Amino acid sequence: MAKITILVPSLRLTGRLFAAFVVLAAIVIGAMVLSATISLNRGFSAYLLQIELAELDPLADAARAEYARHGFDQFARNPQRWAGFVGGSLPPPPLPPPPLLPFTDGRPPPPLPRLVPSPRVSLLDADMQLIIGPPEALDGPRRLLRGADGRVIGALALMPTTAVGREVERAFFRAQRRQLVMMAALSFAIAAAFAWALSRALLRPLRDINAATTRIAAGDFAVRLVPHRADELGDLARDISLMAQSLGETEAARRRWVADTSHELRTPLSVLRGMIEAVQDGVRDADAVTLATLHGQVMQLTRLAGDLGDLARADSGAVALFREPGDLVKIVDDVVGAWREGFARSGISLDLCKEQSALPVVVDRGRIIQVLTNVLANTQRYTDSAGLCRITVRCDATMAIVRIDDSAPGVPPAALPKLFDRFYRVEESRGRAGGGAGLGLAIAAAIIGAHGGTIVARASDLGGLCVIISLPLGQLA
């Protein structure tokens, strides 16, 4: 079965918005014109009907007088008399002088009025039953007839009409309808012009946004949009500028990451290559010292590869954690015990202050030990001899806190926010020949973040660096 493809021209957003405004204006204006036409038709017909009812008043007076003289039976017996009565086209037959009634003065009755066409008027008795006239008048408006004593003696009913019956009135109605159509056409033209201008004004920022996103997609992260609006489009422009800034920073960080990784790998590889070539050339002997040096460089590469793997897993949110209930005070106590001798050899005092005897946490014990080890390794490496490292373990309402303070040298205030960046080292103030790759604190921040905690650095009261680690409290097993 062959498929038929219908190609529909694609409108740009400006055209779609303009079309939506125009269609909406057409619907609203059309509904208003239709409503006004119906209302005018009904209202004008009702107005004409009220005029006709008002014209029945003289006929009603004549009918009351006729009833006082002879009653209404003569109309039922003599339709021509009724036709002449309501239409004035037939002269009334001669009648004997009527008896004087309380509401007559003996003068002859006035001539019968010629008011409305006879086919539309009916005469009803006191029970509202038809005496003479078209039966359709029973559904129309009525003019009650009352006698001298005020009781209802009958009614004149007027057959309703749904059309304008006079040429002048029809002309008036046509003129009003033409005026409505002209006003509707003018309103539609104004609405269309306003819709076109409004759609272009509303979507003008989108052209700038489109151009900016095209440049960002091409790799130009320096583009910035200056929002001139306080609406959603202005917010979008600001968000795109922030996105471009963030992408630029991410790209710069990626390039630094590649360059730093290449540099960190190049140094031990160069040492390994040089020593191996020296052994091959016979410049150095493959003795225990040479092999130990080669082993040290290999271990440095192994640690660097492991650190890079940990950071890669942290970036993807896949840091492997094996959490279990534990006591943070005991974990810190064990780590301090393992490092106490090394700190003593470096001439650094290591003090532990435990404000609580136990702090329940649910953590990966090995990972937390890795974090504390990285921080203490930096402290031992960068703190001057005869210095002090003070570790405080405490808690607040919801967090268990480990604070590690060391003595001089300190870290410049501008460098504190960068300490947890990858490959960042403050060589100027805390330099040491045996410095690491600058990944230890970055890994520590990733591990603590995966536990739902925080790690921050600030100046210490002891003159050096203060690292504060916070972990959510849990329940002991």
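In this text the structure is predicted, and so the values were computed from the model without any measurement.
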Residues at least two apart in sequence or cross-chain that pass side chain to side chain contact (heavy atoms under 4.5 Å, CB included) with Arg178, listed by chain then number, are Arg174, Ala175
Sequence-distant partners of Arg458, side chain to side chain donor-acceptor pair (under 3.5 Å), two or more places apart: none
Identified side-chain contact (heavy atoms from CB on, under 4.5 Å) partner of Val329 from the options Val393, Val361, Val402: Val393
Distance in Å, Leu388 CG paired with Arg390 CZ, rounded so as to fall on 0.5 Å steps: 6.5 Å
Should Gln370 and Ile443 count as side-chain neighbours, where that means a heavy-atom distance under 4.5 Å? yes
Using salt bridge (Lys or Arg N to Asp or Glu O under 4.0 Å) as the criterion, list what pairs up with Glu355, not counting sequence neighbours. none
Only counting residues at least two apart or in another chain, list the ones meeting salt bridge (Lys or Arg N to Asp or Glu O under 4.0 Å) with Arg365. Asp334
Sorted by chain and residue number, the side chain to side chain donor-acceptor pair (under 3.5 Å) partners of Arg142 (sequence neighbours excluded) come out as none
Are any side-chain N or O atoms of Ser460 and backbone N or O atoms of Leu462, one a donor and one an acceptor, separated by less than 3.5 Å? yes
I need the Met299 CE to Leu294 CG distance, nearest 0.5 Å. 13.5 Å
For Glu341, which residues count as a side chain to side chain contact (heavy atoms under 4.5 Å, CB included) partner, sequence neighbours excluded? Arg345
What residues, two or more places apart in sequence or in another chain, satisfy salt bridge (Lys or Arg N to Asp or Glu O under 4.0 Å) together with Lys354? Asp333
Please lay out, stage by stage, how Cys389 and Leu376 fare under the test side chain to side chain contact (heavy atoms under 4.5 Å, CB included). CA-CA 9 Å; Cys389 176; Leu376 290 178; 4.2 Å; yes
Hey, does Val22 have a side-chain heavy atom less than 4.5 Å from the side chain of Phe188? yes
Roughly how far, to the nearest 0.5 Å, is the CZ atom of Phe21 from the CZ atom of Phe194? 8.0 Å
Does anything in residues 213-223 pair up under salt bridge (charged side-chain N to carboxylate O under 4.0 Å, His left out), and if so which pairs, sequence neighbours excluded? Arg215-Asp220
Ala191 meets the side chain to side chain contact (heavy atoms under 4.5 Å, CB included) criterion, sequence neighbours left out, with Ala25
Measure the CD1-CD1 distance between Ile448 and Ile468 for me, rounded to the nearest 0.5 Å. 13.0 Å
In chain order, what residues pass the side chain to side chain contact (heavy atoms under 4.5 Å, CB included) check against Leu130, with sequence neighbours excluded? Ser122, Leu124, Pro135, Leu138
Chi angles and distances behind the side chain to side chain contact (heavy atoms under 4.5 Å, CB included) call for Leu416, Val456: CA-CA 9 Å; Leu416 289 174; Val456 296; over 6 Å; no
Would the distance check show the side chain of Asp406 and the main-chain N or O of Leu465 forming a donor-acceptor pair, the cut-off being under 3.5 Å? yes
Counting C-beta onward and ignoring hydrogens, is there a side-chain heavy-atom pair between Ile331 and Leu372 closer than 4.5 Å? yes
In terms of heavy-atom contacts, does CZ of Arg273 have more than 12 from other residues, nucleotides or ligands at under 6.0 Å? no
Has Asp396 got a side-chain atom pairing as donor or acceptor with Thr398's backbone, closer than 3.5 angstrom? yes
Is a donor on one side and an acceptor on the other found under 3.5 Å between the side chain of Thr213 and the backbone of Ile209? yes
What's the spacing between Asn374 CG and Ile455 CD1 if we round to 0.5 Å? 9.0 Å
Rounded to the nearest 0.5 Å, what separation is found between the OG1 atom of Thr379 and the CH2 atom of Trp339? 9.0 Å
Would you say His451's side chain and Arg367's backbone share a donor-acceptor pair under 3.5 angstrom? no
Please tabulate, for the side chains in residues 240-248, all donor-acceptor contacts under 3.5 angstrom to protein atoms that are two or more places apart in sequence or on a different chain.
{"residue": "Ser241", "atom": "OG", "partner": "Leu225", "partner atom": "N", "Å": "2.8"}
{"residue": "Ser241", "atom": "OG", "partner": "Leu225", "partner atom": "O", "Å": "3.1"}
{"residue": "Ser241", "atom": "OG", "partner": "Ala237", "partner atom": "O", "Å": "3.2"}
{"residue": "Gln245", "atom": "NE2", "partner": "Glu249", "partner atom": "OE2", "Å": "3.4"}

Going by salt bridge (Lys or Arg N to Asp or Glu O under 4.0 Å), name the residues that satisfy it together with Asp405, two or more places apart in sequence or in a different chain. Arg403
Side-chain heavy-atom pair Val332, Leu352 within 4.5 angstrom cut-off: yes
